[in-house]
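Predicted, not measured: the structure shown is a model, and the values here were computed from it.
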Amino acid sequence: MEAFRQLVYEIQDIKSTQALLGWDLETYMPEKGAGIRANQMSTLAKLAHEKLTSPAMGQHLTELRSQLERLDKLDRALVKEVGRQYDKATQIPVELLQEFVQTTAEAHHVWSNARQEKKFSLFAPILQRIVDLNKRMADVLGYEGSPYNALLDEYEPGLTVAQLDPLFANLKAELIPLIQAIQASPSQLETDFLHQDYDTEKQLLFSRQVIEEMGFDFRVGRLDLSVHPFSSGTGSQDVRLTTRVFDNDVFSALSSSMHEAGHGMYEQGINPELDRTPLGDGTSLGIHESQSRMWENVVGRSRPFWSHYYPRLQALFPEQLQAVTLDRFYRAINQVKPSFIRVEADEVTYNVHIIVRYEIERAIIEDRLAVAEIPEVWGQKVQEYLGITPPDDALGALQDIHWSHGSFGYFPTYTLGNLYAAQFYQQAKKEITGLEEKLAQGQLLPLREWLKEKIHWVGRSESADEIVRRVTGETLNAQYFSQYLWNKYTPIYDLKAAPRTVVSHG
Ligand code: ZN
C-alpha cells in the first residue's frame with residue numbers, strides 16, 4: 001500500500017502541476033508563452049499516463065485488488081478509483097488515443113471558423129470523424145445497452161441512459177408547460193436598470209466580499225480574472241477561481257463569482273488527507289455542478305439572500321439603484337425568456353437547451369441520426385420546446401465548444417447539477433433550522449458547513465449515487481427541481497398554479 005501510495009502521489013503531483021499551468025495560461029501568461037506551454041503540458045500529460053499505465057502500477061493493483069477486504073475504507077476507495085483509471089487508460093490503444101488528440105486539436109480551429117461563417121456543413125466532416133472516434137472509444141471501454149453509456153461514464157461515473165431518460169422526461173413534462181405559462185403571463189419584467197454603467201472595481205470588490213462571506217477561504221484560494229470563468233487548483237489547500245466583469249452589467253460578475261466559489265468551496269471542503277490522490281476531487285461533474293448552481297441560483301437568485309445583500313449593493317451603486325426596489329431587482333435577475341444561446345439562458349430554459357443536446361448527441365452515437373441532419377433536428381427541437389427557431393447555425397448547433405473537444409456525454413451533467421442542487425437544498429432546509437431566515441440575515445456559513453460535512457468531506461471516496469442516497473435518503477429525483485421552479489416562478493410571474501409537493505420515491 002505504501003509503495004502504491006507513493007506512485008499515486010507522484011501521478012497526482014504531475015496532474016495538479018498541469019492544472020496550475022492551465023490556470024496560468026488562462027490568467028497571467030504572456031501571449032507568446034503559448035508555444036512552450038503546450039509542450040510543457042503535453043510532456044506532463046505523457047509522464048502521468050506512463051506512470052499510471054506502468055508495469056509497477058499494474059503489479060500494485062493486482063496485489064491490492066486481491067486483498068481489498070483487508071484495507072480500510074479510504075484505502076479501498078483509493079485502490080478502486082486508481083484501478084478504474086488504470087483499466088480505462090490501458091484499455092484504450094495508444095493509436096486510438098493519439099488519433100483522438102490530433103483530431104480534436106484540429107477540430108477546434110475548424111469549429112471556430114465554421115461558427116464564424118455560420119455554416120454547419122464546414123464542421124460536419126471533422127465532426128463525423130470525432131463521432132466515429134467516440135464510437136470506437138465506447139466499443140473499447142465496453143458498455144451495456146447504449147454505447148452512449150460508456151461515454152457518459154467519463155463524466156458521471158455509473159450513470160446510464162436508463163436512469164437519465166425518466167429524469168429528463170419528467171423535466172420536459174414540467175418545464176415546457178412552465179415556460180409556456182411564463183410566456184403567456186401579462187407580468188413581463190423590466191431589466192434595463194441592470195445594464196447601466198457599473199464601475200468594475202466596485203463590482204469585483206463586492207463579489208470578493210460575498211464569496212468570502214459564503215465561506216470561500218482566501219487563505220487557501222484566489223480569485224482572478226479570465227475570459228471564461230472557471231475553477232481549478234492543486235487540492236484542498238490551493239484553489240484558484242476566475243471570474244469576469246462587465247461595466248454594463250451589475251449581476252454577471254457576482255453571479256459567475258458565486259458559481260465558481262461553489263465549485264471552489266467543494267474543493268476546499270474535501271478531507272485534506274485525500275490531497276495528492278484522485279480521491280481529493282469532486283466525485284462527478286454533476287455533483288460538482290450542484291455546488292456551483294446551489295450558490296449561483298438557489299441562493300444567489302433568491303429573495304432571502306437579496307433581502308440582506310440588496311441594501312449593500314444599493315449603497316455601492318446609489319445613483320443606479322436607489323430608485324429600484326428590492327422586489328423589482330429580485331424579479332429582474334430572475335427573468336425567464338427563451339433564447340438561442342445556452343450559456344446566456346435563465347434558470348428555467350437552460351435545462352431545455354441541455355435536453356436538446358442530450359437527445360441529439362445520443363441519437364448520433366446510437367446511429368439513429370446522421371451528422372448532416374443535426375441543424376435541422378436542432379431547429380425543430382428548439383422550436384418545439386422553446387417556441388423559437390434559430391436563424392443560423394451559430395445560434396444553433398455550432399454554439400458550443402464541447403463536440404469539437406470530442407466530449408459526448410458531458411452536457412447532461414449541467415442539468416444533473418441543477419437536479420442534485422434542488423434535492424440537496426430541500427434536505428438542507430429540513431436539517432438547518434431557519435435556513436432561509438439565516439440567509440436573509442446574511443448568515444451563509446450554516447449552509448456552507450452543512451454542505452461541507454454532508455457532501456464535500458468525502459471527496460471521491462463515495463460515488464454520486466452513494467452521496468445523494470446518504471444525504472437525502474433517496475436516489476436522484478427530478479421532481480425537487482421542478483417543484484422548486486414552479487414554486488419560485490409562480491409568484492414572480494403571477495401564474496395561476498397551485499404550489500407543488502414532491503412524491504418521494506423512498
Ligand atoms: Zn460550473
Checking [X] side chain against [Y] main chain: does a donor-acceptor pair fall under 3.5 Å?
{"X": "Thr242", "Y": "Leu225", "value": "no"}
{"X": "Thr415", "Y": "Pro412", "value": "no"}
{"X": "Ser292", "Y": "His263", "value": "no"}
{"X": "Asn134", "Y": "Gly406", "value": "yes"}
{"X": "Asp153", "Y": "Gly158", "value": "yes"}
{"X": "Arg276", "Y": "Glu10", "value": "no"}
{"X": "Gln180", "Y": "Leu386", "value": "no"}
{"X": "Thr103", "Y": "Glu99", "value": "yes"}
{"X": "Arg244", "Y": "Pro229", "value": "no"}
{"X": "Ser461", "Y": "Leu74", "value": "no"}

Using 4.0 Å as the upper bound for N to carboxylate O, is an ion pair formed by [Y] and [X]?
{"X": "Asp346", "Y": "Lys337", "answer": "no"}
{"X": "Lys172", "Y": "Glu359", "answer": "yes"}
{"X": "Glu466", "Y": "Arg470", "answer": "no"}
{"X": "Glu154", "Y": "Lys88", "answer": "yes"}
{"X": "Lys15", "Y": "Asp13", "answer": "no"}
{"X": "Arg469", "Y": "Glu474", "answer": "no"}
{"X": "Asp367", "Y": "Lys135", "answer": "yes"}
{"X": "Arg84", "Y": "Glu81", "answer": "yes"}
{"X": "Arg5", "Y": "Asp75", "answer": "yes"}

Heavy atoms, side chains only, cut-off 4.5 Å: are [X] and [Y] in contact?
{"X": "Ile182", "Y": "Ile179", "value": "no"}
{"X": "Trp23", "Y": "Asp224", "value": "yes"}
{"X": "Val79", "Y": "Leu71", "value": "yes"}
{"X": "Leu416", "Y": "Leu164", "value": "yes"}
{"X": "Asn418", "Y": "Tyr480", "value": "no"}
{"X": "Glu174", "Y": "Leu485", "value": "no"}
{"X": "Ile365", "Y": "Ser146", "value": "no"}

Quick one, His402 with Glu361, criterion side-chain hydrogen bond (donor to acceptor under 3.5 Å, both in side chains). Give me CA distance, side-chain angles, the key distance, then yes/no.
CA-CA 11 Å; His402 301 59; Glu361 66 176 16; over 6 Å; no
Indicate whether any N or O donor in one side chain lies under 3.5 Å from an N or O acceptor in the other, for [X] and [Y].
{"X": "Glu267", "Y": "His456", "value": "no"}
{"X": "Asp165", "Y": "Tyr358", "value": "yes"}
{"X": "Gln423", "Y": "Thr472", "value": "yes"}
{"X": "Thr413", "Y": "Glu289", "value": "no"}
{"X": "Arg293", "Y": "Tyr425", "value": "no"}
{"X": "Gln163", "Y": "Thr160", "value": "yes"}

So, taking the atom named [atom1] in [X] and the one named [atom2] in [Y], what distance separates them when rounded to the nearest 0.5 Å?
{"X": "His353", "Y": "Arg342", "atom1": "NE2", "atom2": "CZ", "answer": "9.0 Å"}
{"X": "Asp24", "Y": "Met29", "atom1": "CG", "atom2": "CE", "answer": "7.0 Å"}
{"X": "Leu52", "Y": "Gln85", "atom1": "CG", "atom2": "CD", "answer": "6.0 Å"}
{"X": "Leu178", "Y": "Leu171", "atom1": "CG", "atom2": "CG", "answer": "11.0 Å"}
{"X": "Asp275", "Y": "Gln237", "atom1": "CG", "atom2": "CD", "answer": "6.0 Å"}
{"X": "Ser284", "Y": "Glu156", "atom1": "OG", "atom2": "CD", "answer": "3.0 Å"}

Below 30° counts as parallel, above 60° as perpendicular, anything between as tilted: where do the rings of Phe481 and Tyr484 land?
parallel
Quick one: sort the Trp378 and Trp403 rings into parallel, tilted or perpendicular, breaks at 30° and 60°.
perpendicular
Begin with the C-alpha distance, continue with both residues' side-chain angles, and end with the deciding distance and a verdict on ring-ring contact (aromatic ring centres under 6.0 Å, His included) for Phe246 and Phe251.
CA-CA 9 Å; Phe246 302 104; Phe251 193 60; over 10 Å; no
In a table with atom names and distances, give each donor-acceptor pair under 3.5 Å that connects a side chain of residues 38-45 to protein atoms at least two apart or in another chain.
unit_1, atom_1, unit_2, atom_2, d
Gln40, OE1, Arg37, NE, 2.8
Thr43, OG1, Asn39, O, 3.0

Hey, can you pull the donor-acceptor pairs under 3.5 Å for the side chains in residues 121-130, sequence neighbours left out?
unit_1, atom_1, unit_2, atom_2, d
Gln128, NE2, Asp132, OD1, 3.2

Might you confirm whether atom [atom1] of [X] has over 12 heavy atoms from other residues, nucleotides or ligands at distances under 6.0 Å?
{"X": "Lys119", "atom1": "NZ", "answer": "no"}
{"X": "Gln380", "atom1": "CD", "answer": "yes"}
{"X": "Gln383", "atom1": "CD", "answer": "yes"}

Kindly give the heavy-atom pair with the smallest separation between Val161 and Pro166, and that separation in Å.
O-CD, 4.4 Å
For residues Phe424 and Ser290, report the shortest heavy-atom separation together with the two atoms involved.
CE1-OG, 3.8 Å
Pair Thr243-Ser256, side-chain hydrogen bond (donor to acceptor under 3.5 Å, both in side chains): steps then yes or no
CA-CA 6 Å; Thr243 190; Ser256 70; 2.7 Å; yes
